[in-house]
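Below, read A as the first sequence line, B as the second, and so on, with proteins coming before strands; counting in each chain starts at 1.
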Amino acid sequence: MKEISVISGKGGTGKTTITASLAQLMNNSVYADCDVDAPNLDLVLEPKVHEKEAVKVSKVAERVNIENCIECNKCRENCRFDAINQDLTINKFKCEGCGVCQYICPNNVIKLQEKESGDIYNSTTRFGPMVYGKLRIGEEATGKIVDKVKEKARKVAKTKSKDHILIDGSPGVGCPVIASINGVDHVLIVTEPTVSGIHDLKRVIELTNNFNLEKTVCINKYDLNKQKTKEITKIAQKNNTDTVKIPYNENINKTIAQGKTIFESINLDTTIKQNDLFEVAGAIFQIWKKIH
Amino acid sequence: MKVYSDEKRKIFIHVEFNSLRAFQFYYEINIEVIIMNVGVASGKGGTGKTTVAVNLALSLNLDLDLGLRFLDCDVEEPNSNLFFGYELDRLKTVEKKIPNINYDKCNFCKKCMEYCEFNALAVVPDEVMVFDDLCHSCGLCSMVCPEEAIKEKGTRIGEIKTNQIQKKPKKTNEIDKSNEKTKNSDKSIPASDNEIEFYEGEMDVGRVMSSPVISELKKQIDNSKLNILDIPPGSGCPVIEAMDNLDYLILVTEPTKFGLSDLKNSVKLAEAMKIPHGVIINKSQEDAQETHKYCSKKDIPIHLEIPNQREIAELYSDGVPFITQMPQWKKKFRDTYSEIKEKIEIEVN
């Protein structure tokens with residue numbers, strides 16, 4: 001079984017759009033949306049959910065024996081996250097669940113409680129099984145939820161003996177990204193020829209180099225700025241990485257709005273110039289060959 | 001007599017006679033210039049947060065009496081300065097505290113490991129392993145250690161940079177810097193000497209936790225000025241850290257299925273954190289009705305729509321803030337600011 005993760009550094013470069021189209025090409029795969037902050041793959045693949053499971057991966061402090069509180073303020077003084085207000089109530093957004101207040105409280109007023117940080121969905125799409133996670137609003141622990149999504153996806157892949165797991169990652173270089181590339185076989189980095197795209201690409205390549213992973217760079221909207229595209233190609237060559245180019249196309253958004261992949265839009269949608277779509281589809285086909 | 005304001009909207013009046021403090025009182029009034037911290041955020045990445053934040057700052061910079069400070073809180077991928085092109089120097093490194101074991105005292109009782117909620121410590125027969133990246137720097141391990149064998153030490157996770165350290169005259173023909181950088185600064189410097197006070201945080205690659213870098217950066221907020229904050233994408237912990245204590249949020253979205261779905265998340269977060277908010281639609285075209293419908297249903301103002309134009313996209317790709325080439329947009333951004341200011345004033349009253 002091979003695991004492929006799609007990441008980008010900069011957001012909005014086209015990870016999900018490309019992942020959705022790749023999903024159609026990769027038969028016998030499990031799809032996993034690990035962008036748990038803002039999962040979007042489900043908007044295109046429109047899965048039928050048959051199992052939803054709340055994830056309890058973190059804790060939060062709660063005042064359970066308020067009547068015992070002697071207002072000694074020790075909890076507030078020792079909390080390093082400013083999570084305890086002047087009136088000794090707990091700010092749940094700021095609490096990281098470390099347990100210092102529980103330990104320091106002389107009267108056992110505060111107890112750490114498990115909390116639900118997100119949900120994991122097990123579902124089926126028209127291309128195969130899909131697992132995705134959603135962070136509850138204002139929760140932390142993104143990395144841990146990503147780990148759970150991957151764990152679940154691996155289980156599904158094993159029981160249904162699938163060949164691949166295709167993972168839609170999140171932007172940035174932080175905790176959820178590291179979680180979504182940890183242990184995979186191939187990373188597809190989607191970038192765009194803009195100053196920000198290049199800046200973030202360098203950081204994300206540096207990150208993947210730490211993991212010693214096989215990777216491919218995809219330059220989306222490459223014809224928007226050919227100078228910058230050249231620069232990206234050079235960066236990729238320096239890192240022994242192949243590049244694939246996808247042309248800029250204003251109509252791609254339309255296909256997404258209809259919940260269709262690029263391959264599905266070809267021939268079906270007559271309002272879009274077919275030639276344009278063929279070019280994009282061809283490029284995605286090339287990516288598929290590279291990562292396959 | 002001294003008059004000064006505290007972090008929000010209170011005015012302190014402090015009277016001294018012959019260096020003997022007579023009395024001090026504060027009076028809550030409506031200050032004419034409302035001090036505010038405005039965040040530019042979006043649930044989805046790549047919708048144009050940085051574009052909006054940078055162009056807004058450059059549009060306002062010259063006609064604000066109060067001065068302006070810009071903080072790039074997207075510390076995983078700080079991009080704003082690619083558009084400003086300022087010369088940055090390191091203000092400070094950001095460290096986080098991690099446990100440091102004194103093996104002369106440690107008796108491997110495992111108490112630290114048992115108490116740590118983040119599994120950041122593992123005690124093996126003759127070693128205590130510390131996993132930096134899992135540690136939240138809460139200090140519990142050093143509190144529970146019966147032998148007082150744990151002291152904390154700092155470990156670097158990023159740095160804060162600014163253009164405020166030395167005011168050198170700007171060099172336009174720098175050769176020794178990398179090509180990319182020189183090109184940017186040629187193009188993107190605003191046509192004035194009035195540099196915006198710029199601060200950015202940058203997390204080191206390979207580090208996991210960006211929140212401490214953001215909280216360190218936010219110490220640079222100057223409450224006598226308008227602060228514009230570029231917030232990281234998403235709705236996770238770094239976002240909450242960056243949004244904490246803001247007066248207003250501009251939510252940038254794009255009129256796609258993805259954009260709308262993520263906008264809804266951002267609105268939920270803003271509501272939960274009780275921060276007043278409005279929307280700017282970027283890359284707008286005919287299909288923005290869904291976003292309009294949603295906003296009017298929720299009674300969220302749409303401050304501005306930036307069209308989906310190849311020209312803007314191309315300027316962006318070269319690192320040029322589009323108002324420098326399309327000055328007619330300056331007024332629109334200024335109007336947006338006035339709208340926001342009015343809204344906050346109403347909110348305060």
Side-chain angles (χ1 to χ4, degrees), chain A residues 8-13 16 36-38 40 43-44 59 78 80-81 93-94 96-100 103-104 112 135 137-143 170-178 192-200 203 206-207 210 221 224-225 227-228 231 248 250 253-254 256-257 259, chain B residues 42-48 50 74 76-79 82-83 115-118 133 136-140 143-144 180 184 203 205-211 232-240 244 254-258 261-262 265 268-269 272-273 283 285 287 308 310 313-314 316-319:
Chain A
S8 71
K10 181 177 169 354
T13 55
T16 305
V36 299
D37 261 64
N40 283 332
L43 296 177
V44 193
K59 292 183 183 171
N78 283 285
R80 293 204 178 154
F81 309 105
F93 284 124
K94 289 189 159 186
E96 303 205 3
C98 67
V100 164
Y103 176 78
I104 208 90
L112 280 188
L135 188 74
I137 299 298
E139 289 297 336
E140 19 191 290
T142 39
S170 56
V173 291
C175 140
V177 182
I178 291 176
E192 59 179 33
T194 63
V195 283
S196 329
I198 292 178
H199 175 263
D200 298 351
R203 284 169 68 83
E206 196 184 330
L207 180 71
N210 293 345
K221 313 173 203 168
L224 196 62
N225 190 326
Q227 188 61 37
K228 295 275 181 273
E231 247 174 78
Y248 181 81
E250 280 154 355
N253 281 347
K254 276 193 201 161
I256 295 301
Chain B
S42 75
K44 180 176 169 356
T47 52
T50 304
D74 190 359
E76 284 183 40
E77 306 284 17
N79 281 339
L82 296 172
F83 298 88
Y115 271 91
C116 180
E117 285 290 336
F118 310 109
D133 286 331
H136 283 228
S137 313
C138 68
L140 185 58
M143 271 181 212
V144 299
E180 191 194 323
N184 283 339
M203 183 180 77
V205 172
R207 285 292 178 181
V208 170
M209 254 176 261
S210 54
S211 301
S235 56
C237 19
V239 182
I240 292 165
D244 186 41
E254 54 180 39
T256 60
K257 233 181 177 181
F258 298 162
S261 154
D262 297 342
N265 279 340
K268 274 186 208 155
L269 185 60
M273 295 183 76
K283 306 179 203 168
Q285 42 194 9
D287 50 3
N308 190 14
R310 199 175 164 119
E314 277 172 355
Y316 173 87
S317 77
D318 272 322

Problem set entry | Spatial distance of atom CG (B:D133) from atom CD1 (A:I178) [nearest 0.5 Å] | 6.5 Å
Exercise. Looking at A:V36, A:D200, A:T16, A:T194, which has the largest count of heavy-atom pairs under 4.5 Å with chain B?
Worked result: A:D200
Exercise. Chain A heavy atoms under 4.5 Å from B:N308: which part of the residue, side chain, backbone, both or neither?
Worked result: side chain
Exercise. Going by heavy atoms in the side chains, are A:V195 and B:Y316 under 4.5 Å from each other?
Worked result: no
Problem set entry | Test item: A:R80 side-chain N/O and B:S137 main-chain N/O as donor-acceptor pair under 3.5 Å | yes
Exercise. Side chain, backbone, both or neither: which part of B:Q285 has an atom under 4.5 Å from a heavy atom of chain A?
Worked result: side chain
For this session: Please step through side chain to side chain contact (heavy atoms under 4.5 Å, CB included) for the pair A:L224 and B:R310, ending with a clear verdict.
Result: CA-CA 8 Å; A:L224 196 62; B:R310 199 175 164 119; 4.2 Å; yes
Seminar exercise, completed: Interatomic distance, CD1@A:I137 vs CD1@B:I240, rounded to 0.5 Å, equals 9.0 Å
Exercise. Taking the side chain from B:R207 and the backbone from A:G174, do they hold a donor-acceptor pair closer than 3.5 Å?
Worked result: no
Problem set entry | Side-chain heavy atoms of B:K44 within contact of A:P171, under 4.5 Å | no
Exercise. Using a cut-off of under 4.5 Å for heavy-atom pairs, which of B:T256, B:N265, B:L269, B:V144 has the most such pairs with chain A?
Worked result: B:V144
Exercise. So do A:F93 and B:D244 actually touch side chain to side chain, heavy atoms under 4.5 Å?
Worked result: no
Problem set entry | Heavy-atom closest pair, residues A:H199 and B:L82 | CB-CD1, 3.6 Å
Seminar exercise, completed: Correct closest heavy-atom pair for B:G236 and A:L135 would be CA-CD2, 3.8 Å
For this session: Decide side chain to side chain contact (heavy atoms under 4.5 Å, CB included) for B:L140 and A:C98; before the verdict, give the C-alpha distance in whole Å, the side-chain angles of both, and the deciding distance to 0.1 Å.
Result: CA-CA 8 Å; B:L140 185 58; A:C98 67; 5.7 Å; no
Problem set entry | Nearest heavy-atom neighbours spanning A:N210 and B:G206 | ND2-CA, 4.4 Å
For this session: Check for a donor-acceptor pair, side chain of A:K228 on one end and backbone N or O of B:D318 on the other, with a separation under 3.5 Å.
Result: no
Exercise. Given that the side chain runs from C-beta out, which part of B:S235 has a heavy atom under 4.5 Å from chain A: side chain, backbone, both or neither?
Worked result: both
Exercise. Counting distance only, does the side-chain N/O of B:E117 pair as donor-acceptor with the main-chain N or O of A:G99 below 3.5 Å?
Worked result: no
Exercise. Is it true that B:E77 and A:K10 have a side-chain N and a carboxylate O under 4.0 angstrom from each other?
Worked result: no
Exercise. Who wins among B:G45, B:S317, B:P255 for the most heavy-atom pairs under 4.5 Å with chain A?
Worked result: B:S317
Problem set entry | Minimal non-hydrogen separation, A:N78 against B:M143, with atom names | OD1-CE, 3.6 Å
Exercise. Highest number of heavy-atom pairs under 4.5 Å with chain A: which of B:G43, B:P233, B:P78, B:P238?
Worked result: B:P78
For this session: Starting at CE of B:M203, measure out to SG of A:C175 and round the result to the nearest 0.5 Å.
Result: 9.0 Å
Problem set entry | Pair A:S196-B:T50, side chain to side chain contact (heavy atoms under 4.5 Å, CB included): steps then yes or no | CA-CA 10 Å; A:S196 329; B:T50 304; 5.9 Å; no
